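Notes for the one structure printed next.
Each chain gets a letter, A, B and so on, in the order its sequence line appears, and its residues count up from 1. As the structure is a computational prediction, the values presented were derived from the model and not from experiment. Note: hydrogens, waters and symmetry copies are ignored here, and every other heavy atom, side chains too, is used.
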2 protein chains.
Amino acid sequence: MRMTRQRKVLLEIINQAANPLSAEEIMQQAHLQDPSLALSTVYRTLEKMLEMGLCQQIRFQDGLARFEQAGLVHHHHLVCTACGRREAVPTCPLHQIQQQLETASGYKITYHEINLYGLCPDCQKKLATEKSSHA
Amino acid sequence: MRMTRQRKVLLEIINQAANPLSAEEIMQQAHLQDPSLALSTVYRTLEKMLEMGLCQQIRFQDGLARFEQAGLVHHHHLVCTACGRREAVPTCPLHQIQQQLETASGYKITYHEINLYGLCPDCQKKLATEKSSHA
DNA sequence: ATACATGCAAATTGTTTGCGGGCAG
DNA sequence: CTGCCCGCAAACAATTTGCATGTAT
């Protein structure tokens, strides 16, 4: 992979990110360093990085493509349905039963994703406060 | 919910489907019974059905919104990465550890999705055949 | 030097919306 | 009768693509 100025910036952003970013978010961050970087470059670079296994794509309920560094410890995602906050969950309950699933289904499973949705601690508090003030 | 001709058709399709269907697929099926049914009607009806809890939305890696009947037994999905075939998996490894996850994260988890990707038995066979014919 | 990457703009694709007429309750 | 629903066409948003130019190797 040819190492252009733009690609360095994008790689850096992906690798620093604490959670999966959309193409738009990536471009916004990139613009801090290189305001002329085009959205199509973001997409093309991400595509290349996907092919090369440098990042992976995630989709939550909103259907937006988000991207995160590959090669992290295996993990899943927790999304707050109120504020949109996303975080990684290091636990994976699937490994233990993946073998059984393969046997039962006849599939050769290569990949899986688990997304959890709920209210983050902050939004739970906010909600509780709102309720009591209405009383 | 007002029971129009179109909605009867759409409800029927969702409820009969063996796996989640995209809006386009739903419209194609609907056209067998009512060729003038518009795609926007499909979307608006699905939206309404979502609100009323009559169906739910799923997204696989391709990012397309797919819809399936709600109120089925809790289950997840297995998608063949070669032919796109999708099927339901009745197993769910999360219930047992959901409580732990809530405690660990502080989230109140309301919903989760698990998608498994791999090769279905047929595509495994096809692949094996291709390989041997190349030898 | 040359192939590959970029920026820009236009094209596609999936989904949503505005409007005038139609139909279920 | 009345408000909700429909079909159609236009609007939108996310993503992809074509093309002329720039640049890493």
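- On a pure distance criterion of 3.5 Å, a polar donor-acceptor pair joins the side chain of A:Arg2 and the base of D:dT23.
- With hydrogens and angles left out, the side chain of B:Arg44 and the base of C:dG18 share a donor-acceptor pair within 3.5 Å.
- Distances were taken from every side-chain heavy atom of A:Met3 (C-beta onward) to each of C:dA5, D:dT25, D:dG7; the shortest belongs to D:dT25.
- Here B:Lys8 lies out of heavy-atom contact (under 4.0 Å) with every strand.
- For A:Tyr43, whose side chain is taken as the heavy atoms from C-beta onward, the closest listed nucleotide among D:dC6, D:dA14, C:dT15 is D:dA14.
- Of the candidate nucleotides D:dG7, D:dC6, D:dT15, D:dC6 has the atom nearest to the side chain of B:Thr45.
- Without hydrogens or angle criteria, A:His31 side chain to A:Gln29 main chain gives no donor-acceptor distance under 3.5 Å.
- Of the listed nucleotides (C:dT6, D:dG7, C:dC8), C:dC8 has the atom at the smallest distance from the side chain of A:Ser40.
- The aromatic rings of A:His77 and A:Phe60 stand perpendicular to each other, their planes meeting at an angle above 60°, with 30° marking the opposite boundary.
- Here the side chains of A:Leu50 and A:Gln57 are in contact, with some heavy-atom distance below 4.5 Å.
- Residue B:Leu39 is in base contact, counting any heavy-atom pair closer than 4.0 Å across all strands shown.
- Minimum atom distance to the side chain of B:Arg7 is reached by D:dC6, of the listed C:dT17, D:dC6, C:dT6.
- The CZ-C1' distance, from A:Arg5 to C:dT6, rounds to 9 Å in whole Å.
- C:dG7 atom P lies 9 Å from atom CG of A:Leu10, rounded to whole Å.
- Nucleic acid contact class of A:Ser22 (heavy atoms, under 4.0 Å, all strands): none.
- In this structure the side chain of A:Arg7 reaches within 4.5 angstrom of the side chain of A:Thr45, judged on heavy atoms.
- Taking only side-chain atoms of B:Thr4, from C-beta outward, the nucleotide of D:dC5, C:dG7, D:dA24 with the closest atom is D:dC5.
- Across all strands shown, A:Leu64 has heavy atoms under 4.0 Å from sugar-phosphate atoms exclusively, and none from any base.
- A side-chain donor from one of A:His75 and A:Glu68 sits under 3.5 Å from a side-chain acceptor of the other.
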